[in-house]
Amino acid sequence: MAHWLMKSEPDAWSWGQQVKKGAVGEAWTGVRNHTAKQNLQQMKKGERAFFYHSNVGKEIVGIVEVIKEAYPDHTDKSGVFVMVDVKAVAPLPKPVSLQTLKADPRFADMALIKYSRLSVQPVTETEWRLICEMGGAKP
DNA sequence: GCCAACGTTGGC
DNA sequence: GCCAACGTTGGC
């Protein structure tokens, strides 16, 4: 099962707001990048993703689960882009910051570091396990 | 089809 | 607020 990482600026959509939505979840709108779009399309129901706060915080704060696979993004007038629905699963008791990941050679190849502008990206099994461990969450 | 100009993202 | 990275647009 693949794992992912999704970025959001907390000013636009925060982990706290995601948690409030509970099991109903929320549509992940606004992706306007084709690489990110391809990743969205590969997400399967039940797969999990890290929730990353970009700009403010710059840390992985929680884990979400895909509850609806890719479908057209209603905020995209051109009809080209897609979105998925995700629900909050668990917080990371100890958020893992970008700074921490950058300082650790085990994450040197991580997409978050290599392609800093990509907002939806895959996470390897190894990275997933390590970050869960560091954050104090169950993998 | 190339490439310069421009816009956006996101870290610092 | 600045700037690097990168995607997109438009002139040629």
Side-chain angles (χ1 to χ4, degrees):
Chain A
M1 188 140 90
H3 288 105
W4 309 92
L5 182 146
M6 307 173 89
K7 290 186 189 178
S8 183
E9 294 192 33
D11 291 343
W13 181 252
S14 72
W15 172 249
Q17 288 172 284
Q18 184 73 58
V19 169
K20 274 187 201 153
K21 284 281 172 177
V24 179
E26 176 74 5
W28 196 277
T29 59
V31 171
R32 296 291 182 272
N33 170 287
H34 291 287
T35 310
K37 178 195 163 185
Q38 283 170 23
N39 289 329
L40 284 175
Q41 284 172 326
Q42 283 172 34
M43 290 185 178
K44 296 274 178 284
K45 199 173 172 179
E47 288 185 339
R48 298 192 165 184
F50 287 129
F51 192 112
Y52 176 81
H53 274 171
S54 65
N55 249 311
V56 182
K58 281 168 283 182
E59 56 190 11
I60 297 169
V61 290
I63 295 170
V64 293
E65 182 178 312
V66 178
I67 56 174
K68 185 171 180 182
E69 294 178 15
Y71 60 107
D73 184 338
H74 58 70
T75 66
D76 172 34
K77 290 191 198 104
S78 69
V80 169
F81 293 99
V82 298
M83 60 190 180
V84 298
D85 286 5
V86 296
K87 67 168 184 184
V89 171
L92 291 202
K94 287 164 52 190
V96 178
S97 70
L98 179 67
Q99 198 187 355
T100 306
L101 294 172
K102 276 194 160 175
D104 192 326
R106 291 177 296 181
F107 299 107
D109 288 333
M110 199 176 171
L112 185 65
I113 288 155
K114 273 193 163 175
Y115 312 101
S116 62
R117 290 182 54 220
L118 184 58
S119 60
V120 180
Q121 48 183 260
V123 172
T124 68
E125 295 311 302
T126 311
E127 288 159 359
W128 182 266
R129 218 166 3 86
L130 286 169
I131 292 169
C132 284
E133 207 173 285
M134 290 159 73
K138 276 194 251 173

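Residue numbers start from 1 in every chain, and the chains themselves are labelled A, B, ... in the order their sequence lines are given, proteins ahead of strands. None of the values given here were measured: they were computed from a predicted structure. Side chains included, hydrogens not; waters and symmetry mates left out as well; all remaining heavy atoms used.
Every pair passing side-chain hydrogen bond (donor to acceptor under 3.5 Å, both in side chains) that includes a residue from residues 35-47 of chain A is listed here, sequence neighbours excluded: W4(A)-E47(A).
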N/O donor to acceptor pairs below 3.5 angstrom from side-chain atoms of residues 50-65 of chain A, sequence neighbours left out:
unit_1, atom_1, unit_2, atom_2, d
H53(A), NE2, W15(A), N, 3.0
E65(A), OE1, R48(A), NE, 3.3
E65(A), OE1, R48(A), NH2, 3.1

Counting only pairs under 3.5 Å, give me each side-chain donor-acceptor contact of residues 106-113 of chain A, with atom names and distances, residues two or more places apart or in other chains.
unit_1, atom_1, unit_2, atom_2, d
R106(A), NE, D104(A), OD1, 3.2
R106(A), NE, D104(A), OD2, 3.3
R106(A), NH2, D104(A), OD2, 2.9

Which pairs of donor and acceptor atoms, one on a side chain in residues 128-139 of chain A, lie under 3.5 Å apart (sequence neighbours left out)?
none

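Residues satisfying the ring pair (Phe, Tyr, Trp, His ring centres under 6.0 Å) test with F81(A), not counting sequence neighbours, are H34(A).
Each of K114(A) and N55(A) was assigned the nucleotide of DNA chain C with the nearest heavy atom; the assignment lying further toward the 5' end belongs to N55(A). In terms of position along DNA chain C, the nucleotide closest to S116(A) lies nearer the 5' end than the nucleotide closest to the other residue of the pair R32(A) and S116(A).
The outermost nucleotides of DNA chain C lying under 4.0 Å from heavy atoms of chain A, listed 5' to 3', are dA5(C) to dT8(C).
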